[in-house]
J.: 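Here it is, the structure, as structure tokens.
Numbers for residues simply follow the sequence, beginning at 1. Since the model is a prediction, treat every value here as computed from it, not as a measurement. Whatever order the structure lists ligands and atoms in, that order sets their numbers, starting from 1.
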Amino acid sequence: MFISMKEKFYITTPIYYVNAKPHIGHAYTTIAADVLARFQKLQRKEVFFLTGTDEHGLKIQKEAEKAGKEPQQFVDEISDEFKNLWDKLDIKYDNFIRTTDPKHKEVVQKVLQILKDKGAIYKGSYEGLYCVGCEQFKSENELVDGKCPDHDIVPEKMEEECYLLKMTEIQAELIRKIESDEFKITPERYKNEILSFLKSQTLKDISISRKNVQWGIPLPFDSEQTTYVWIDAFLNYLTGIGWDGDEKNVPKEWPVDVQLIGKDILRVHATIWPAILLHLGIELPKMIFTHGHILSGGKKMSKTLGNAISIDEMIEKFGVDATRYLLLSAGPFGEDVDVTMERMIEKYNADLANGLGNLVSRIIKLSEGFEQEKSSDVTTPEFYKVDMEDSDLSGALKTIWGALIDDCNKYIADTKPWELKKNDPNKFEEVIKKLLGDLNLISDLLVPFMPDTAKKIKTALETKQTDILFPRIK
Ligand code: MSP
């Protein structure tokens, strides 16, 4: 008997720090991952979509102290906020991993023991400048005016006894795998950036434990030390699919097909993370896709600048699907994109109220009483497949709007079907058939991006009735 096997597709987001509530940047990555997961599901793949929260480390320990809460209670509360936001945003993940899950902690300890037994980890000491915002040591040349450019703080000088992970012995292999795209880093410029970094120096061994951080997973072979938060965090990509720590037996979802990350965490994802896997003898991820940051008015969003746009405010103002659309269409996925409330309102009115919304009501109204034949299977246009496979989400949206929605609106203006209805019933039928077909296609293509809107359009096509999908906003 022939058994058809579905192709698998495993996608991850970074796990988010729970030092503060989720914001628009977290939503951006997670919505993008949700869109890609939904698209691949429609391609009939066996999809696994993992997201979650990163809950240990100094940064979180300090925030919990500030809030006067036990760290566990503190992380429970914020982790819930992430979950609630994802529910609100119609994110359909398959698992939400938390690094304080007992099962995850157990596997992290198991892996550290394996690495130690293999001789990949050894005891030593580390001296460097530590940025608690990044939870990373920074080299002098990464600082601007002595400060971490991402967090605008002066990193602390630290020297302590710790355990280290050997980096030099995997360096050549890592370079080879990145060069050949076996471990693909994309878009291309990020691959080049990482390659030039890897080729310019001998990698320093990485400190993988901390002596003075209590809020972490204790090392199995030294109870005075806790696991460095990034080591703990990376392993989520394996524990999140149910891995039990046996390097000879990884779950069928592995290797991960796409790992979405922001550009600020590319370096660690292209060095420490593959180093752990290479030492363990586990296949590397197939692809790391790096996106840019969302800026507000040209600057990083911050409380001090008062330029932060809250994700809750966006959802309240625009609704869920429009929020998903506005974030993903704000600029090329992969580059920094700048958003302001004014521009989003403009875009909402132009693309959604006037563009898509108006088109739906016009077509549905024109086709009232029109008996539609059951539409045959629509073929997905080539541009869409290519863009979606390349994670070019903004590109796909741009073409749906530029080549389909705008064209339909123009076609209506040109053919004036309301006149044809009286004067040329045959032509009228032809025009309406084409419009109904196009609208059906548009709704199909929007399913991953705007699931609820796509459903509403389908229903409207059947019932020939619709409410206003996107009321104009002032
Ligand atoms: N906990 C680590 C990741 C561990 S993954 C093994 C972390 N967490 S984070 O919460 O600080 O950031 C998570 C992701 O959110 C990163 O990919 C980061 O780039 C993204 N964003 C944070 N702010 C952002 C914007 N303003 N715009 C777009 N994404 C940004 O790093």
J.: Do me a favour and list the nearest non-hydrogen protein atom to atom 24 (C) of ligand 1 with residue, atom name and distance?
T.: Gly25 CA, 3.6 Å
J.: Got an N/O contact under 3.5 Å between Ile265 and ligand 1?
T.: no
J.: Minimum heavy-atom separation for Gly57 and Glu135, please, with both atom names.
T.: C-OE2, 3.5 Å
J.: Quick test: of every protein heavy atom, which one is nearest to atom 7 (C) of ligand 1, and how far off is it to 0.1 Å?
T.: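 Sorting protein heavy atoms by distance from atom 7 (C) of ligand 1 puts Tyr17 CE1, 3.4 Å first.
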J.: Could you tell me whether the side chain of Asn349 and the main chain of Ile473 form a donor-acceptor pair under 3.5 Å?
T.: yes
J.: For ligand 1, which atoms, with element, lie under 4.0 Å from some heavy atom of Gly262?
T.: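 Counting atoms of ligand 1 from 1, those under 4.0 Å from Gly262 are 17 (O), 19 (O).
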J.: Could you tell me which atoms of ligand 1, counted from 1 in the order shown, lie closer than 4.0 angstrom to a heavy atom of Tyr16?
T.: 10 (O), 13 (C), 14 (C), 15 (O)
J.: Just need the protein heavy atom nearest to atom 3 (C) of ligand 1, so name the residue and atom and give the distance.
T.: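 Closest protein heavy atom to atom 3 (C) of ligand 1: Ile15 O, 3.2 Å.
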J.: How close do Ala270 and Ile185 get, counting heavy atoms only, and between which atoms?
T.: CB-CD1, 3.7 Å
J.: Looking only at distances, can you tell me whether any N or O atom of Asn236, backbone or side chain, sits closer than 3.5 Å to an N or O atom of ligand 1?
T.: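 By distance alone, the answer is no.
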J.: Looking at Tyr163, does the NZ or CZ of Lys116 lie under 6.0 angstrom from its six-membered ring centre and within 45 degrees of the ring axis?
T.: no
J.: Before signing off on this row, confirm whether Phe234 and ligand 1 have an N or O atom pair separated by under 3.5 Å.
T.: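 Between Phe234 and ligand 1 (N or O atoms, distance only) the closest approach is not under 3.5 Å.
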J.: Ring centroid separation for Phe234 and Tyr228, is it under 6.0 angstrom?
T.: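 Centroid separation for Phe234 and Tyr228: 6.0 Å or greater.
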J.: Does only the side chain of His23 get under 4.0 Å from ligand 1, or the backbone, or both, or neither? Count heavy atoms.
T.: side chain
J.: Using a strict 4.0 Å threshold on nitrogen-to-oxygen distance, state whether Lys69 and Glu77 make a salt bridge.
T.: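 Salt bridge: yes.
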J.: Over all heavy atoms of both residues, which pair between Arg324 and Pro448 is shortest? Give the atoms and the distance, please.
T.: NH2-O, 3.0 Å
J.: Heavy atoms only: which of Gln259, Lys263, His293, Lys59 is nearest to atom 30 (C) of ligand 1?
T.: His293
J.: Between Gln73 and Ala64 (side chain of the first, backbone of the second, donor and acceptor by atom type, cut-off under 3.5 Å), is there such a pair?
T.: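 It does not hold such a pair.
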J.: Going by heavy atoms, is Trp273 under 4.0 Å from ligand 1?
T.: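 Not so, Trp273 does not reach ligand 1.
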J.: For ligand 1, which atoms have a heavy atom of Ile294 less than 4.0 angstrom away?
T.: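 It comes down to these atoms of ligand 1: 25 (C), 26 (N), 27 (N), 28 (C).
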J.: Could you tell me, atom by atom, which parts of ligand 1 come under 4.0 Å of a heavy atom of His26?
T.: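 The atoms of ligand 1 under 4.0 Å from a heavy atom of His26 are 10 (O), 15 (O).
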J.: Answer yes if the ring centres of His269 and Tyr237 are under 6.0 angstrom apart, and no otherwise.
T.: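 Yes, they do, as the ring centres are separated by less than 6.0 Å.
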J.: Select one of side chain, backbone, both or neither to describe which atoms of Trp230 lie under 4.0 Å from any atom of ligand 1, heavy atoms only.
T.: side chain
J.: Tell me: protein heavy atom nearest atom 18 (C) of ligand 1, and distance?
T.: Asp264 OD1, 3.3 Å
J.: Heavy-atom distances under 4.0 Å decide this one: backbone, side chain, both or neither, for Asp54 against ligand 1?
T.: side chain
J.: Any idea which protein heavy atom is nearest atom 20 (C) of ligand 1, and the distance to it?
T.: Thr29 OG1, 4.2 Å
J.: Salt bridge between Glu160 and Arg210, side-chain N to carboxylate O under 4.0 Å?
T.: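 Salt bridge between Glu160 and Arg210, a charged N being under 4.0 Å from a carboxylate O: yes.
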J.: Which protein non-hydrogen atom lies closest to atom 6 (C) of ligand 1, naming both residue and atom, and how far is it?
T.: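 Nearest neighbour among protein heavy atoms for atom 6 (C) of ligand 1, to 0.1 Å: Tyr237 OH, 3.5 Å.
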J.: For ligand 1, which atoms sit closer than 4.0 Å to a heavy atom of Ala233?
T.: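 Those atoms are 6 (C).
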J.: Taking only non-hydrogen atoms of Met301, do any sit less than 4.0 angstrom from ligand 1?
T.: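 No, that is not the case, since the closest heavy atom of the residue is not under 4.0 Å from the ligand.
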J.: Can you list the atoms of ligand 1 that are under 4.0 Å from a heavy atom of Gly292?
T.: 28 (C)
J.: Would you please indicate yes or no on a ring centroid separation below 6.0 angstrom for Tyr325 and Trp401?
T.: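 Ring centres of Tyr325 and Trp401 closer than 6.0 Å.
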J.: Is a donor on one side and an acceptor on the other found under 3.5 Å between the side chain of Gln61 and the backbone of Val213?
T.: no
J.: Quick one: does ligand 1 sit under 4.0 Å from the side chain of His291, the backbone, both or neither, non-hydrogen atoms only?
T.: side chain
J.: Which heavy atom of Leu203 sits nearest a heavy atom of Leu198, and at what distance?
T.: CD1-CD2, 3.8 Å
